[in-house]
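Below: the structure, in structure tokens.
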Amino acid sequence: MIEKIRVRYAPSPTGHLHIGNARTAIFNWLFARHYNGQFIIRIEDTDLARNVKDGEKSQLDNLQWLGIDWDEGPDKANSKYAPYRQTERAAQGVYQKYIDELLASGKAYKSYKTEATLKEEREAQAQAHQAPHYVYEYAGMTKEQIKDAQAKDEAVGLKSVVRFRVPENHDYQWQDLVKGEVKINSKEIGGDWVIQKADGMPTYNFAVVIDDHLMEITHVLRGDDHVSNTPKQLMVYEAFGWKAPAFGHMALIIKAETGKKLSKRDEDTLQFIEQYRELGYLPEAMFNFIGLLGWSPVGENEIFTREQFKEMFDENRFTKANAKFDAKKLAWVNNQWMRSEKEKVMPQLIHELVKAGLINDQQAKNDADHLAKIIEIAGVDGIKATSEIAPLAEYPFFKLHDISKEDRQSWLETDDGQKVAAAFTEKIKALAEDEFKADHILQIIRDLQHDLQIKGRPLWNPIRLITTHEVQGPNLPEILAVMGKDWTIKNIQLTVAV
RNA sequence: GGCUCGAUGGUCAAGCGGCUAAGACGUCGCCCUUUCACGGCGAAAUCUCGGGUUCGAUUCCCGAUCGAGCUACCA
């Protein structure tokens with residue numbers, strides 16, 4: 001590719017960053033970065049009613065969290081293209097100018113049909129088994145007649161919208177970056193569509209064209225759900241005599257259970273970046289996993305950094321079929337990342353203990369090394385997100401359970417149990433403070449096995465029970481070594497006292 | 001309903017006319033081990049179905065089936 005690539009991610013600030021949108025952002029970013037192009041963020045906020053207060057901020061924050069940066073955006077304006085919010089552009093009259101142009105040339109017209117009329121028309125069409133379509137109200141009228149009709153509607157106080165006069169029986173086709181040749185006839189788009197709403201705002205399909213043109217966007221990579229918007233956009237480019245960008249429509253990410261497009265309204269699927277962030281998924285892992293959905297690299301590896309993705313990116317390797325979102329694989333990817341970035345993740349893991357109320361901030365700061373050891377032993381290597389460490393480490397490292405009656409009967413009140421417990425207690429008390437290491441403790445237990453001729457669970461369970469009040473858990477000698485002699489002796493005394 | 005697109009194990013997927021059809025997640029089994037994880041080894045499991053084209057189709061073409069998207073004064 002010779003031309004300078006400019007791509008964009010254009011979210012509407014209606015909520016948090018959705019997985020599907022994150023994917024669009026990721027691939028556009030990759031596209032730009034791979035070819036040394038520019039990545040732009042534009043806020044498409046023309047639906048005033050749906051905009052949420054911190055929607056834009058949330059989108060941007062989460063993008064940043066994922067490691068995506070942008071060359072231009074609402075917070076990083078290039079005066080040649082600014083502003084980057086459509087409401088601001090509308091306020092400057094950016095769209096009005098082009099709407100007026102279309103109005104003047106007759107390629108668009110003011111329409112006064114009411115919501116009620118529209119509804120009636122659609123119902124009648126449904127009755128007649130016709131596809132819903134807009135019926136041109138000025139068919140066969142002269143310019144004068146149209147003018148009169150509009151003046152009359154205006155006088156009655158009817159609000160108007162501006163509709164684009166769709167060319168009849170015209171094929172719109174394009175070479176889709178991922179799908180190949182796509183062709184849609186103008187008669188399939190449902191008739192003259194609205195380009196300016198009654199509130200004066202341009203509609204998405206119109207504004208997107210004006211802005212992509214003005215911002216010199218060269219490639220539009222977006223979800224498959226935009227395929228049917230493309231002909232509408234193409235006819236606007238054509239009306240102005242502009243060159244359209246290249247389009248690429250990526251297959252969608254669908255819900256595993258239903259096979260349907262992920263819907264923001266679904267509450268039972270975790271589908272916002274924010275949610276994974278809160279659970280303790282790493283941005284590297286999210287990027288990694290999402291980057292492999294609907295796209296694949298050449299080799300067999302599955303774990304990649306953003307840098308590697310940048311280098312590998314190839315717009316010819318998109319998958320055409322929709323991809324189901326597999327949370328289990330995401331978990332595995334995150335686990336891989338946590339393990340390879342353990343140093344980096346450790347503070348976050350420690351913070352999880354604070355969040356769970358097991359320690360306070362002060363302890364987190366002062367005992368970082370000790371806590372890191374606990375976290376390691378408790379089993380970080382087996383968890384899929386940082387938030388899972390707290391329940392794993394809670395017992396016996398921060399709290400002790402009561403020993404159940406059954407455990408007491410099975411492991412402590414037996415002859416073997418008493419022998420083992422007594423002998424271990426004696427030996428562990430005799431162990432010097434600086435000898436209180438995992439290998440020495442293990443040696444004591446091995447000696448006991450030899451001396452008492454008891455092995456397996458009858459040997460280990462009594463010891464585990466008196467020292468940790470659990471009958472299972474991570475490697476016992478390591479637990480004791482990390483927690484120390486005082487802790488161990490105290491726990492034993494607690495057991496015996498009861 | 002119409003239009004557009006898609007179809008390789010349960011899932012993500014490689015493949016691009018000739019292969020015992022990669023790899024990964026998951027599942028199952030075995031090993032390691034006091035237990036739980038981790039780890040190691042191994043196994044089961046796939047080309048939607050018909051027609052063509054071809055010496056030969058997972059691969060190319062057509063049709064069927066199934067699936068998805070769209071069908072707003074939402075983006």
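Predicted, not measured: the structure shown is a model, and the values here were computed from it. The sequence lines fix the lettering, A, B, ..., with proteins before strands; numbering per chain opens at 1.
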Protein-to-nucleotide contact annotation, 5' to 3' order, nucleotides 62-75 of chain B [B base; S sugar-phosphate only; - none; under 4.0 Å, heavy atom]: ------SSSS-BBB
Partners meeting salt bridge (Lys or Arg N to Asp or Glu O under 4.0 Å) with A/Arg89 (sequence neighbours left out): A/Asp211
Integer angstrom distance from the P of B/U8 to that of B/G67: 14 Å
B/G26 OP1/OP2 closer than 4.0 Å to side-chain N/O of A/Lys328: no
Length of the line joining A/Phe325:CZ and B/A13:P, which is rounded to integer Å: 13 Å
Rounded distance (Å) that lies between atom C1' of B/G26 and atom CG of A/Asp326: 7 Å
Sugar-phosphate only, base, or nothing, as touched by A/Arg317 at under 4.0 Å among non-hydrogen atoms: sugar-phosphate
Cationic tip of A/Arg306 above A/Phe287 ring, under 6.0 Å, 45° of axis: yes
Close side-chain approach of A/Ile19 to A/Met286, heavy-atom, < 4.5 Å: yes
Cation-aromatic face contact A/Arg165/A/Tyr136, 6.0 Å, 45 degrees: yes
C1'-based separation of B/G6 from B/U20 [nearest Å]: 30 Å
Euclidean distance, atom NZ of residue A/Lys187 to atom P of B/U4 [Å, nearest integer]: 11 Å
Euclidean distance for C1', B/C31 against B/G18 (whole angstrom): 40 Å
Sugar-phosphate, base or nothing in reach of A/Gly223, heavy atoms under 4.0 Å: nothing
Over-ring placement of A/Arg222 relative to A/Phe247, 6.0 Å and 45° cut-offs: no
Short side-chain N/O contact to B/C12 OP1/OP2 from A/Lys329, under 4.0 Å: no
Aromatic contact, A/Phe164 with A/Trp193 (centres under 6.0 Å): yes
Whole-angstrom distance between B/A14 and B/C70, as gauged at atom P: 24 Å
A/Phe304 CZ - B/G23 C1' separation (whole Å): 11 Å
Per-nucleotide protein contact string for nucleotides 29-45 of chain B, where B marks a base within reach and S marks sugar-phosphate only (heavy atoms under 4.0 Å, - for neither): -----BBBSSS------
A/Phe206 six-ring centre to A/Lys232 NZ/CZ under 6.0 Å and within 45° of normal: no
Pairing partner (Watson-Crick or G-U wobble, both distances under 3.5 angstrom) of B/C32: none
Donor/acceptor link under 3.5 angstrom from A/Gln130 side chain onto base of B/G1: no
Gap in Å between the two C1' atoms, one belonging to B/U58 and one to B/G50, rounded: 16 Å
Among A/His219, A/Gln233, A/Arg42, the one residue meeting side chain to side chain donor-acceptor pair (under 3.5 Å) with A/Asp212: A/Arg42
Complementary nucleotide of B/G1, counting Watson-Crick and G-U pairs under 3.5 Å: B/U71
Aromatic centroids of A/His226 and A/Tyr204 separated by under 6.0 Å: yes
Distance-only donor-acceptor check, side chains A/Ser12 and A/Glu44, under 3.5 Å: no
Rounded interatomic separation in angstrom, taking CG from A/Leu292 and C1' from B/A24: 9 Å
Spacing of A/Ile290 atom CD1 relative to B/C12 atom C1', expressed in whole Å: 14 Å
Protein-nucleotide distance (A/Glu300, atom CD; B/C12, atom P), rounded to Å: 19 Å
C1' spacing across the pair B/G63 / B/A7, given as an integer number of angstrom: 15 Å
Integer angstrom distance from the P of B/A45 to that of B/A64: 33 Å
Separation between the C1' atoms of B/U4 and B/C12, rounded to whole Å: 25 Å
Base-pairing mate for B/C60 - Watson-Crick or G-U, with both contacts under 3.5 Å: B/G52
Spacing between A/Ile19 atom CD1 and B/C12 atom C1', to the nearest angstrom: 15 Å
pair A/Trp29-A/Val7: side-chain heavy atoms closer than 4.5 Å: no
Complementary nucleotide for B/G10 - Watson-Crick or wobble, under 3.5 Å: B/C25
